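Below is one structure. I have some questions about it.
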4 protein chains.
Amino acid sequence: MPRPDRSHERIPQILSAAAKVFACDGVQGARMEDVAKEAGLSKAGVYLYYKNKDALVLALLEQFFAANLEALKLIPIGNRAVDRLCDWIDLVSAAMQHGEHFQTVGFEFLALAGRDDEARKVVLDFYLQYQSAIAKLLIADGTTSNAATQKAQEIVALLEGINLLWMAQSGKMDFASLAKSGVRALLS
Amino acid sequence: MPRPDRSHERIPQILSAAAKVFACDGVQGARMEDVAKEAGLSKAGVYLYYKNKDALVLALLEQFFAANLEALKLIPIGNRAVDRLCDWIDLVSAAMQHGEHFQTVGFEFLALAGRDDEARKVVLDFYLQYQSAIAKLLIADGTTSNAATQKAQEIVALLEGINLLWMAQSGKMDFASLAKSGVRALLS
Amino acid sequence: MPRPDRSHERIPQILSAAAKVFACDGVQGARMEDVAKEAGLSKAGVYLYYKNKDALVLALLEQFFAANLEALKLIPIGNRAVDRLCDWIDLVSAAMQHGEHFQTVGFEFLALAGRDDEARKVVLDFYLQYQSAIAKLLIADGTTSNAATQKAQEIVALLEGINLLWMAQSGKMDFASLAKSGVRALLS
Amino acid sequence: MPRPDRSHERIPQILSAAAKVFACDGVQGARMEDVAKEAGLSKAGVYLYYKNKDALVLALLEQFFAANLEALKLIPIGNRAVDRLCDWIDLVSAAMQHGEHFQTVGFEFLALAGRDDEARKVVLDFYLQYQSAIAKLLIADGTTSNAATQKAQEIVALLEGINLLWMAQSGKMDFASLAKSGVRALLS
DNA sequence: TATGAATGAGTATTCATTCAT
DNA sequence: TATGAATGAATACTCATTCAT
């Protein structure tokens, strides 16, 4: 009888190790050996679950944006869209305090999207869903469809841009308050 | 008889070759050989001007943000800050249509800033000057200093965020019109 | 209650899988994993029967030449040695049409014999028995012992050489007719 | 000014190192590192001249059979074909005493031809030219074209077969005398 | 007997960098 | 100033082999 199937525990192990190593060394600078060590496996052990580095990068990329999409589901629908968004920003902001590597690895993936079509598709899909989630909220609050689409784009851009500034300042910035006042201004 | 100093023509040659190669292959994925070939030099020829790859990366990083700072000087000071900013957005947007690699290489450098302190300093300095230039414009138009700082941050974030969306959509988006309507909303 | 001994069925399974894989990928290029898959076993399963790859190679080598020695027993003894040999050539030739991998794997083993003493012993022993079987036939037909030894060597060389040409031409050559006319010429 | 072009000396250096290493360890077992060391170069130095192992193997294969084709040009044309061939066999036999690795590497390539189409083409082409050179000699001596083709095939097979036996016996066999008596018998 | 999981020890290949000219 | 030649130090990826079950 063979050993029990361990993939359900190995895969998260490997992906979170990869996130850490990718954040420190960059996607291209990361060594499979370091990912393996971080995951507590041998190099060959990683290759048992991902057939090469590209596959691992893609898997993490997808997991990363899937996790971000999860966050979008938390956007509360209701009237007073501004307030709903502000509530959500608080949630996201709180989450950002933890998971140090999360933002960094995100920028790694944005850079990757700049030169890899497969990665760009994933990123674009994420932004479209992001925008659509916010547009829905605005429509539910009475905005017309056209205006909502436009406003949603502005809000997404603003929030992503603040994210960027936040990273440039090594997280030493008050994400939530800037984001909330920006959103209020956009929707005023 | 010393040979003529060619560095004033070699250095831009090399930097623009590097920008192209970094955009295509990533900063870490780029090979010195490809930079050299793109610049029409031999590998060793590049090393005459940059002592190693890190020096080349840093030089391009600095040139890149210096060029972006140049763009900030074009922000026209005057009353009706909104209109001044919109004029400027049109300028920047027109420039973005050319220089394909410019945006991509920018994201490479953001990712680099995520894991390299030297790069982060350059990036942060850029954002501070960016913000300060816009704050000045707002103050010149009558905004109080405190409010101007905050608004400037929001504007910078918005514009950078739109930049990001623009890249995710491979430049198939109307940067200028979204930027202008966003800025108008923020300043309304 | 001991489980039934499956070696009598596993071993031919493994050896014939190995023959196929060795023929396709070469002795050194063959992977234990592929042998196992071809045999319908797990990798570890193969190791139950052969303690390592060398042992498997040696076992197949020995089986291969033992099978060839079997063929020598079919050489009919009697007068009119030429006719007896031609009959035998027809038998061998018919067998060659089947078992595609058989010839290829044979050349793998000859190459192996070129650099491995153990393999060379097996190969040399085979040729000596080959030669001796043919010499016996010639002696039975009245040739003197000395002349028979020499003729036998020539015949073995001729047949092996034709085999080689046959392989070079991917089997698209009439082995039997060339072999028979060659043998007739040698014995005329 | 760059260093002078060294390829005319490096390439034979590398190929003869490769021949030696391939003979000892087999084509597949040979390590690029060992080839490099034997050639007195670094691993990367070998890759400067051959872009990968396959290219090196193919180059050596071609050189090997080109060298063998050279030997065919030494077959003297004239009447008394048997005697001409015997003279040639003496030449070839003398050459075989030197170049230890020559035969071994030849068998490596035959095995390779068994599983690689590109290699097989080279080998087949060699045999066709071999056969044609001998057929020409026979025709020059009065044999009809059809008979010459058939005889040539038998002779080639015989000589290659003796070669094989010679290798199996580690060169401890009298190649020339067996070859000559075999050829005489075939042409009697 | 049988196997999926795991790995140590390789192995081909790459690339930043140096150097002789 | 300029470059082809050369290499040391990586690094992705592989595979024979072992082991827990």
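This one's a predicted model, so the numbers in the text were calculated from it and none came from an experiment. Chain naming here is simple, since letters A, B, ... match the order of the sequence lines and numbering starts at 1 in each.
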**OP:** Only stems of 3 or more consecutive Watson-Crick or G-U pairs count here, both distances under 3.5 Å; name the ones for DNA chain E, or none.
**Re:** E:2-21 with F:2-21
Subject >> Side-chain donor or acceptor of Glu108(A) paired with backbone N/O of Asp25(A) under 3.5 Å >> reply: no
**OP:** Please list, by residue number, the residues of residues 8-31 of chain D whose heavy atoms come closer than 4.0 Å to an atom of DNA chain E; answer none if no residue qualifies.
**Re:** Ala30(D), Arg31(D)
Original post:
For the pair made of CE in Met32(D) and C1' in dG10(E), what is the distance, rounded to whole Å?
Top reply: 16 Å
**OP:** Determine whether the side chains of Ser170(C) and Arg120(D) contain a donor N or O and an acceptor N or O closer than 3.5 Å.
**Re:** yes
Subject >> Nearest-nucleotide 5' precedence on DNA chain E, Ser42(C) against Glu33(B) >> reply: Ser42(C)
**OP:** Hey, which sits more toward the 5' end of DNA chain F by its nearest nucleotide, Gly40(B) or Arg6(D)?
**Re:** Gly40(B)
**OP:** Indicate the atoms forming the closest heavy-atom contact of Val35(D) with Ala17(D), along with that distance.
**Re:** O-CB, 3.6 Å
Original post:
When you measure from the side chain of Lys53(A) to the backbone N and O of Val27(A), does any donor-acceptor pair fall under 3.5 Å?
Top reply: yes
**OP:** Between Gly45(B) and Ala44(C), just flag the one whose closest nucleotide in DNA chain F comes earlier from the 5' side.
**Re:** Gly45(B)
Subject >> Nearest-angstrom distance from the residue atom OH of Tyr47(D) to P of dT11(E) >> reply: 12 Å
Original post:
How are the rings of Phe109(D) and Phe22(D) set relative to one another: parallel (under 30°), tilted (30 to 60°) or perpendicular (over 60°)?
Top reply: perpendicular
Original post:
Can a side chain N or O of Tyr49(A) be found less than 4.0 Å away from OP1 or OP2 on dA6(E)?
Top reply: yes
**OP:** Starting from P on dG4(F), measure out to NZ on Lys37(B) and report it in whole angstrom.
**Re:** 11 Å
**OP:** Report the distance from atom NZ of Lys53(D) to atom C1' of dT14(E), rounded to the nearest whole Å.
**Re:** 17 Å
Original post:
Taking all atoms of both residues into account, what is the closest heavy-atom pair of Val105(B) and Ala23(B), and its distance?
Top reply: CG2-N, 4.0 Å
Subject >> Under-3.5 Å donor-acceptor pair between Lys43(A) side chain and dT7(E) base >> reply: no
Original post:
Are the aromatic ring centres of Phe64(D) and Phe102(D) under 6.0 angstrom apart?
Top reply: yes
**OP:** Give the rounded distance in Å between these two atoms: CG of Leu48(D) and C1' of dC15(E).
**Re:** 12 Å
**OP:** Give me the one residue out of Asp54(C), Leu58(C), Val57(C) that meets side-chain contact (heavy atoms from CB on, under 4.5 Å) with Glu118(C).
**Re:** Leu58(C)
**OP:** Return yes if some donor-acceptor pair links the side-chain N/O of Gln103(B) with the main-chain N/O of Met167(B) below 3.5 Å, else return no.
**Re:** no
**OP:** Could you say whether Leu41(A) or Lys51(D) is positioned toward the 5' end of DNA chain E, judged by the nucleotide with the nearest heavy atom to each?
**Re:** Leu41(A)
